[in-house]
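Numbers restart at 1 for each chain; the letters A, B, ... are given by sequence-line order, proteins then strands. No experiment lies behind these values; they were computed from the predicted model shown.
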Amino acid sequence: MATTKLGFIVQRPPYKSENPKLALTHAIASQSVEVYLNDGDIVTADIAFVGDGVLNCKKDQKAMDLYKLTSTETHVKMALLLDLNVLVCKEDLDRFGLTENDIVLNAEEFGAEMTVKVVPFAEITKMMEGVNHLLFF
Amino acid sequence: MATTKLGFIVQRPPYKSENPKLALTHAIASQSVEVYLNDGDIVTADIAFVGDGVLNCKKDQKAMDLYKLTSTETHVKMALLLDLNVLVCKEDLDRFGLTENDIVLNAEEFGAEMTVKVVPFAEITKMMEGVNHLLFF
Amino acid sequence: MGKFTIGCFSSLVGSMSLDFAVKLAGTALEKGHKVDLWVSGNATMLSLKGQRAFKDYSHLEKPLQELMQKGLTVTACEACAEARGYHKEHTIEGFKRHSMDWYLASAFDADRVLHIGGE
Amino acid sequence: MGKFTIGCFSSLVGSMSLDFAVKLAGTALEKGHKVDLWVSGNATMLSLKGQRAFKDYSHLEKPLQELMQKGLTVTACEACAEARGYHKEHTIEGFKRHSMDWYLASAFDADRVLHIGGE
Amino acid sequence: MKLAVFVSDYRVNVDTLERLNPEKLGIIFVQNGVYHATVKENGNSSSLLKKSANHYVLLDDLDTRGLGNSDVADNVKLVTYGDIVDLIFNEYDKTAWL
Amino acid sequence: MKLAVFVSDYRVNVDTLERLNPEKLGIIFVQNGVYHATVKENGNSSSLLKKSANHYVLLDDLDTRGLGNSDVADNVKLVTYGDIVDLIFNEYDKTAWL
C-alpha cells in the first residue's frame with residue numbers, strides 16, 4: 001500500500017497549445033490508474049495554475065459554441081467532480097486584475113463537492129515540495 | 001509575362017521549430033514554380049533573416065552529425081546555389097555580437113555565385129515594400 | 001471579388017491555427033472570393049482521413065469537405081506529409097498533394113496572401 | 001540503477017523534443033536504468049509507422065526500434081492518436097497504446113520523472 | 001505599404017512589430033493575441049496598444065476565452081471573421097502573421 | 001527539494017523560474033535554451049545566468065547550432081546526455097521542463 005503524489009503545474013494560457021487541456025486530462029486519469037497497480041496503491045494528482053496559466057480558469061468560455069471544442073473551463077469542472085485538488089495562484093489573479101468572481105470556482109451543477117482553492121504562491125510551493133514528481137505544462 | 005515577388009521573413013531561431021527550414025525550402029521552390037505557370041511568368045523569392053532569425057545563419061552547424069538532420073546552414077547554401085537573394089540584418093548580428101566571420105556567406109563549394117548580403121534593417125524594409133506578398137516565419 | 005491564398009504551417013491539434021484558417025477560408029468563400037488553402041509542416045495533419053471526432057480535439061474533416069464542395073481548393077505539401085507517414089491512400093478525398101512550388105504558384109495570381117507560420 | 005519515466009507531449013517534427021527524449025532514453029538505458037517513454041498530444045506522431053526518412057525531417061523509427069530491443073518501453077496515448085487518425089494498424093510494431101492512466105502508473109514506481117511539456 | 005499584422009499569441013517572442021513602420025498599420029488580435037486587447041497586468045495595458053495603428057480584436061476568440069466586450073480596451077475595434085476578410089481585401093495590401 | 005529545471009527555448013514565455021526557490025537548483029540548457037549559455041545581446045549575458053543555481057549546457061545542442069565551447073559563459077558547465085542522466089539520478093530529485 002503506497003501513495004505516489006504528482007503535481008501538475010499549468011503555466012500557459014489555454015487554446016494556443018494543447019498543453020493545459022492535456023494537464024487536466026492526465027491529472028484526471030489518476031482516478032482510473034488503479035487498474036495498473038496493486039490493491040491499495042494509489043496515485044494522487046494536484047493541479048496548480050500559475051502565471052498565464054490562471055487564464056485557463058476564466059468563466060464563460062464559449063469554445064464549444066464557436067469551435068466545437070471542449071473548453072478548459074469544462075475540464076477544470078471535471079477535475080473538481082473527480083475530487084482533484086485544484087489550486088489557483090492568487091498573486092497571478094491579482095496581477096491580471098481577476099477576482100474569484102471571474103473564474104470557475106465549483107462544479108455544483110455536476111454535483112461536485114470539491115471547489116477551486118485560490119491560494120498564495122507559497123501554498124503552491126508547499127504542494128511542489130510535498131509531491132513525489134512534478135509535471136510542468 | 002508577369003513577375004510576382006514574394007518576401008520570406010525569418011524571425012525565429014533554428015531547430016526548435018520547423019519554420020525557418022520551411023521558409024528556405026518554400027523559397028527555393030520558386031525555382032521550379034514555372035511548371036504551374038504560363039510561359040514567361042515567374043515568381044521570385046527574397047529571404048531576409050531578422051531578429052533571432054539571424055541565428056539560423058551561424059556557420060559550422062553539426063545537425064547532420066548529431067541528429068541526422070539537414071542543418072539550416074545547408075539550406076541557406078542551397079538558396080544561394082539557386083540564386084536567391086538572401087539578406088541578413090546587420091543590426092541584429094551586431095546585437096548578438098556576431099560578425100560576417102561567424103555566418104554563412106557563400107556556397108562556393110557547391111559552385112554558387114550568389115552571396116549572403118549583410119544589410120541594415122532599412123534595406124530589408126525596402127525589400128518588404130517592393131514585394132507583392134510577405135510571408136513571415 | 002479576388003483570389004485569397006492562405007498558407008498554414010503551424011498545426012498542433014490544439015493550436016487552433018487550422019481552425020482559424022478554415023473558418024477564415026469559409027468566410028472568404030461566402031463573400032465570393034476564390035480561396036486556395038495550402039498546408040505544410042505539421043499542418044499537413046489536416047489532410048489525413050479517419051480522424052476520430054472527439055470533442056476534446058479540433059476536428060475539421062467535415063467543415064473542410066463542405067467548403068471543398070463550395071469551391072475551396074486545399075492542398076498539402078507532399079514531402080511534409082510523406083515524412084510524417086501520411087501517404088496518398090490516407091488522404092481525405094478531394095484534398096490535393098503537391099510539392100511546395102504549388103503554394104508559390106497559387107500566390108502568383110493571388111490578390112492577397114495570408115501566411116500563417118509562427119511557432 | 002533506477003526507473004526513469006519520460007513523458008513527451010510537444011512533438012512537431014522540427015521541435016526536436018522527441019529527438020531529445022529518445023536520445024536521453026537511450027543513454028539512460030545504456031547506463032542500466034529501466035526507461036518508460038510516454039508520448040501524448042502531438043508527440044503520438046512518433047508511433048506512426050511508414051514515415052519516409054528524408055534528411056530534412058527528424059526520423060526516429062529506426063533508433064526507436066533499436067532501443068525497444070534493448071528494453072525501452074514506449075507507449076502512446078490512445079485517444080490522442082485516434083483523434084489524429086493514427087489507428088492501431090498504423091502503429092510501429094512493439095509501440096504500445098494505452099489511456100492516459102498508463103503514464104501515471106509508470107510514474108507510480110519511477111525514481112525520476114521528466115515531463116517534457118512546454119509549447 | 002498598408003500592412004495588416006496578425007498577433008496570435010500573448011507572449012510574443014519576436015520583436016518584428018516594434019520595427020515595422022508602414023504607411024498604414026493594422027494590428028489584428030486573434031487566438032491568444034486577444035489578451036492584448038483585454039488584459040491589464042498590474043494595471044498596465046499591453047504595450048501593443050500604444051503602437052500607432054488601427055487595432056482590431058476577433059470576437060469569436062474573445063468569447064472562446066470567456067472574455068466579453070466590456071473587457072476590451074477603448075481603442076480596439078471588435079471584428080468578426082467577415083470583417084477580417086474585408087479588412088484584408090479593402091483596407092490593407094499585405095499581411096503578416098507574427 | 002532539489003530541482004533540475006530544463007530550459008529549451010531562448011525566449012522563455014513563462015516566469016516560473018523567477019519564482020522557484022528550491023533548496024538546490026540546477027538549470028540545464030538544452031535545444032534553443034543553449035543560447036542562454038552563449039549569446040550576449042548588446043553585450044549582456046542572459047538573465048538566467050545570474051540566477052543562483054548550478055548551470056549546465058548540452059554539448060550536442062551547442063554543436064548542432066554552430067556554437068563552440070569558447071562561446072560558453074564561464075559559470076556554465078558543458079554536459080553530455082550521459083551527464084544529464086547522472087544529474088537527474090544523483091544530484092536532483094525532481095525535474096521541471098519549462
Residue pair A:Met127 / A:Ala48: nearest heavy atoms and the distance that separates them: CE-CB, 3.7 Å
For A:Lys126, I'd like to know if atom NZ has over 12 heavy atoms of other residues, nucleotides or ligands within 6.0 Å. no
Any idea which of D:Ala110, D:Gly7, D:Ala79 has the most non-hydrogen atom pairs under 4.5 angstrom with chain A? D:Ala110
Using heavy-atom distances under 4.5 Å, tell me whether A:Ile28 contacts chain D through its side chain, its backbone, both, or neither. neither
Side chain, backbone, both or neither: which part of D:Phe108 has a heavy atom under 4.5 Å from chain A? both
For the candidates A:Ser32, A:Ala2, A:Ala23, which exhibits the highest count of non-hydrogen atom pairs separated by less than 4.5 Å from chain D? A:Ser32
Side chain proximity check, D:Ser40 to D:Trp38, heavy atoms < 4.5 angstrom: yes
Taking all non-hydrogen atoms of both residues into account, name the closest pair between D:Gln51 and D:His59 and its distance. O-CE1, 2.9 Å
Per-residue tally against chain D (heavy atom, under 4.5 Å) across A:His26, A:His133, A:Gln31, A:Glu34 peaks at A:His26
With a sphere of 6.0 Å drawn around NZ of D:Lys3, does it hold more than 12 non-hydrogen atoms of other residues, nucleotides or ligands? yes
Which of the residues A:Leu6, A:Leu134, A:Leu22 is involved in the greatest number of heavy-atom pairs with chain D at under 4.5 angstrom? A:Leu22
